[in-house]
Student: 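To start, I am sharing the structure in question, which I have written as structure tokens.
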Amino acid sequence: INVMPSHRALALLRGQKEGILRVKLAVPHADPRDHPAVREICTEFGIARKGRPGDDWLAETAQAAWKGKLESASSRESITRLKEAADGEAIRIFSMNMRDLLMAAPAGPKVVMGIDPGIRTGCKIAVVDATGKLLDTATIYPHEPRKDWAGSLATLATLCKKHKVELVSVGNGTAGRETEKLVADLSAKLPDLNLTRLMVSEAGASVYSASELAAKEFPDLDVSIRGAVSIARRLQDPLAELVKIEPKAIGVGQYQHDVDQSALARSLDGVVEACVNTVGVDVNTASASLLARVAGLNATIAANIVAYRDKNGPFKSRSDLKKVPRLGPKAFEQAAGFLRIAKGKNPLDGSSVHPEAYPVAERIARKTGRKLSDLIGDKAFLAKLKPEEFADAIFGVPTVKDILVELEKPGRDPRPEFKTATFRDGIEKVSDLEPGMRLEGVVTNVTAFGAFVDIGVHQDGLVHISELSDTFVKDPHAVVSTGQVVSVRVLDVDIARKRIGLSLKQAPGRVTQDRPKSNDATPSSPFDVLSSLR
């Protein structure tokens, strides 16, 4: 158990919980009368066979103590420690995946059409404007049993022309690839629309649709349509939309239902708050759900900010936030640096410079003889300044350096540039795959034993840890991250079990490098592990 990976331990313990197998911990020994644990007991209490009348009885007592009391207790304790260690590792992996997902590149303020695919119940459509406001909805039936392909194309074309749609976000659930083909057909027939289509993970969309938050946001909208709105918005800004969903419902974990749920919730909440604070929040457009994740704020204050904004219009400066009910000095001190006001009265309000540090920025402007608005963004000029000249007893050199960096590019988004994966046409089912194919895909989940990649066939393929790189990989997160666009090669296809083995290696073949000696054991092939983690 000292070398057992977390996913293997959790798999065993889940099997025991489900009644499929029993887990027992035993100490290897050849002769029951010479058990290592019994020897330890005898040594501890000075029991030895010296020809005395009571020696045999004492030896039997030591054996009985082990078999009747200590073996079961030590086994339970060891397995408990194993579970705790496995939980910790699984929670760490889930948290890293969650961070990658929340920090995914946003498409930005564009008009987006979200499509929640379906077969019998039809495909639900929602069009949102550049700010995420719902503009229009519809339902089409391009698939079985109606097969209204032409009518569906006409509906899509009408909506795209009416609202000048730029991006089409298609959920990757049931009938996702077939629905994407419908959008591709529309683009081919009407190239003037200049549509860009993308497959988006719809994990958690159904949870949001039925949530109290969604009901408040869209009280008159059908539950199924709300999912399409979420699919559209998460393309515009994944962070702003995904914070509305319970992190555990997004499904980027490893045996997430088997680990300590309270510890998992604490870790994920911390990740969400850290991501929100890293990116920052536009206080004039953010939802209450997003604002509630800002350090220093809670659900009540967030709701008060939105209510104040709705009643009095957009905030003109950070200082206006002090007028919000229940947002006291302490809360303002904690939250102000993470709240942005674009094009406000003070140009610093759109940056991550805290109001307490405004005097430093103003001092820099005065000493250099430049207006603050002219100073912001002038990277060449700011790079020549010496932080030591502007530091004082309150704000040291490190703080001044941070302020200068922020002034170079105020309000910069730390998230990567928006990039999309292109699924190959004609590859829609597992049976369409052949070993050797090179395909583009999106990493949907990273685990201790590898990464799962969506290549557009309804079933994610597994890139085993041994196939992640041409060099040795100890932690898959060092190579890939959730949401990353990758180019993979198909290794194995098991149509019966719907399992796909993939590789990220550049060179063909499955020859791997010598593994360094380590206690980290990993499965020997993609099919040695349970791929249905969700």
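These figures come from a predicted structure and were not determined experimentally.
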Student: Any chance you could measure Ile93, atom CD1, to Tyr255, atom OH, to the nearest 0.5 Å?
Tutor: 11.5 Å
Student: Please say whether more than 12 non-hydrogen atoms of neighbouring residues, nucleotides or ligands are located less than 6.0 Å from CZ in Arg39.
Tutor: yes
Student: So which heavy atom on Ala286 is nearest to which on Val306, and how close?
Tutor: O-CG2, 4.2 Å
Student: Would you call Arg266-Asp269 a salt bridge at under 4.0 Å N-O?
Tutor: no
Student: At their closest point, which heavy atom of Val170 faces which heavy atom of Pro117, and how far apart are they?
Tutor: CG1-CG, 4.0 Å
Student: Using modelled atom types only, decide if a donor and an acceptor are shared between the side chain of Arg424 and the backbone of Arg438 within a distance under 3.5 Å.
Tutor: yes
Student: Run Thr444 and Asp454 through side-chain hydrogen bond (donor to acceptor under 3.5 Å, both in side chains) and show every step you take.
Tutor: CA-CA 6 Å; Thr444 58; Asp454 179 7; over 6 Å; no
Student: For Ile500 and Val430, what are the C-alpha separation, side-chain angles and deciding distance, and is it a side-chain contact (heavy atoms from CB on, under 4.5 Å)?
Tutor: CA-CA 8 Å; Ile500 308 162; Val430 176; 4.2 Å; yes
Student: Compare all side-chain heavy atoms of Met437 with those of Ile427 and state whether any distance is below 4.5 angstrom.
Tutor: yes
Student: Quick check for you: to the nearest 0.5 Å, what is the distance between Leu291 atom CG and Leu297 atom CG?
Tutor: 6.5 Å
Student: For Asp392, give me all partners under side-chain hydrogen bond (donor to acceptor under 3.5 Å, both in side chains), at least two apart in sequence or on another chain.
Tutor: Arg363
Student: Do Glu212 and Lys216 have side chains that approach each other closer than 4.5 Å (heavy atoms only, starting at C-beta)?
Tutor: yes
Student: Please check: side-chain N/O of Asn304 versus main-chain N/O of Pro325, any donor-acceptor pairing under 3.5 Å?
Tutor: yes
Student: Taking the side chain as everything from C-beta on, heavy atoms only, tell me whether Leu198 gets closer than 4.5 Å to Leu235.
Tutor: yes
Student: With side-chain contact (heavy atoms from CB on, under 4.5 Å) as the criterion, how do Glu356 and Glu333 come out once you've worked through the C-alpha distance, each side chain's angles and the decisive distance to 0.1 Å?
Tutor: CA-CA 8 Å; Glu356 290 180 347; Glu333 182 182 343; 3.6 Å; yes
Student: Are any of the side-chain nitrogens in Lys83 or Asp87 under 4.0 Å away from the carboxylate oxygens of its partner?
Tutor: yes
Student: Are Ile403 and Thr399 side-chain neighbours, meaning at least one heavy-atom pair lies under 4.5 Å?
Tutor: yes
Student: What's the separation between atom CE in Met98 and atom OG in Ser267, rounded to the nearest 0.5 Å?
Tutor: 10.5 Å
Student: Does this structure show an ion pair linking Glu89 with Arg92, if we count only N-O contacts that are shorter than 4.0 Å?
Tutor: yes
Student: How long is the straight-line distance from NZ of Lys505 back to CD of Glu467, given to the nearest 0.5 Å?
Tutor: 4.5 Å
Student: Which of these passes side chain to side chain donor-acceptor pair (under 3.5 Å) with Tyr208: Arg226, Glu246, Glu217, Arg234?
Tutor: Glu217
Student: Give, for atom CZ of Arg340 and atom CG of Asp282, the distance between the pair rounded to the nearest 0.5 Å.
Tutor: 9.5 Å
Student: When you look at CZ of Arg22, are more than 12 heavy atoms from neighbouring residues, nucleotides or ligands closer to it than 6.0 Å?
Tutor: no
Student: Considering non-hydrogen atoms only, spot the tightest contact between Val490 and Val493 and give its length.
Tutor: CG1-CG2, 3.6 Å
Student: Determine whether a donor-acceptor pair (N or O, by modelled atom type, separation under 3.5 Å) exists between the side chain of Asp432 and the backbone of Lys429.
Tutor: yes
Student: Nearest 0.5 angstrom please: Ser209 OG to Ile231 CD1, how far?
Tutor: 8.0 Å
Student: Is there a side-chain contact (heavy atoms from CB on, under 4.5 Å) between Ser169 and Ile115? Walk through the geometry before answering.
Tutor: CA-CA 6 Å; Ser169 176; Ile115 305 179; over 6 Å; no
Student: Looking at Phe418, I want to see if its CZ is surrounded by more than 12 non-hydrogen atoms of other residues, nucleotides or ligands under 6.0 Å.
Tutor: yes
Student: Return the minimal non-hydrogen interatomic distance between Ala249 and Val207, and the atom names on each side.
Tutor: CB-CG2, 3.8 Å
Student: Has Glu388 got more than 12 heavy atoms of other residues, nucleotides or ligands less than 6.0 Å from its CD?
Tutor: yes
Student: Not counting sequence neighbours, which residues clear side-chain hydrogen bond (donor to acceptor under 3.5 Å, both in side chains) with Ser289? List them please.
Tutor: none
Student: Look at the aromatic rings of His354 and Phe332 and report parallel, tilted or perpendicular, splitting at 30° and 60°.
Tutor: perpendicular
Student: Which pair of non-hydrogen atoms, one from Pro416 and one from Pro106, has the smallest distance, and what is that distance?
Tutor: O-CD, 4.3 Å
Student: Apply side-chain contact (heavy atoms from CB on, under 4.5 Å) to Arg326 and Thr300, showing your working.
Tutor: CA-CA 8 Å; Arg326 300 192 67 176; Thr300 301; 3.5 Å; yes
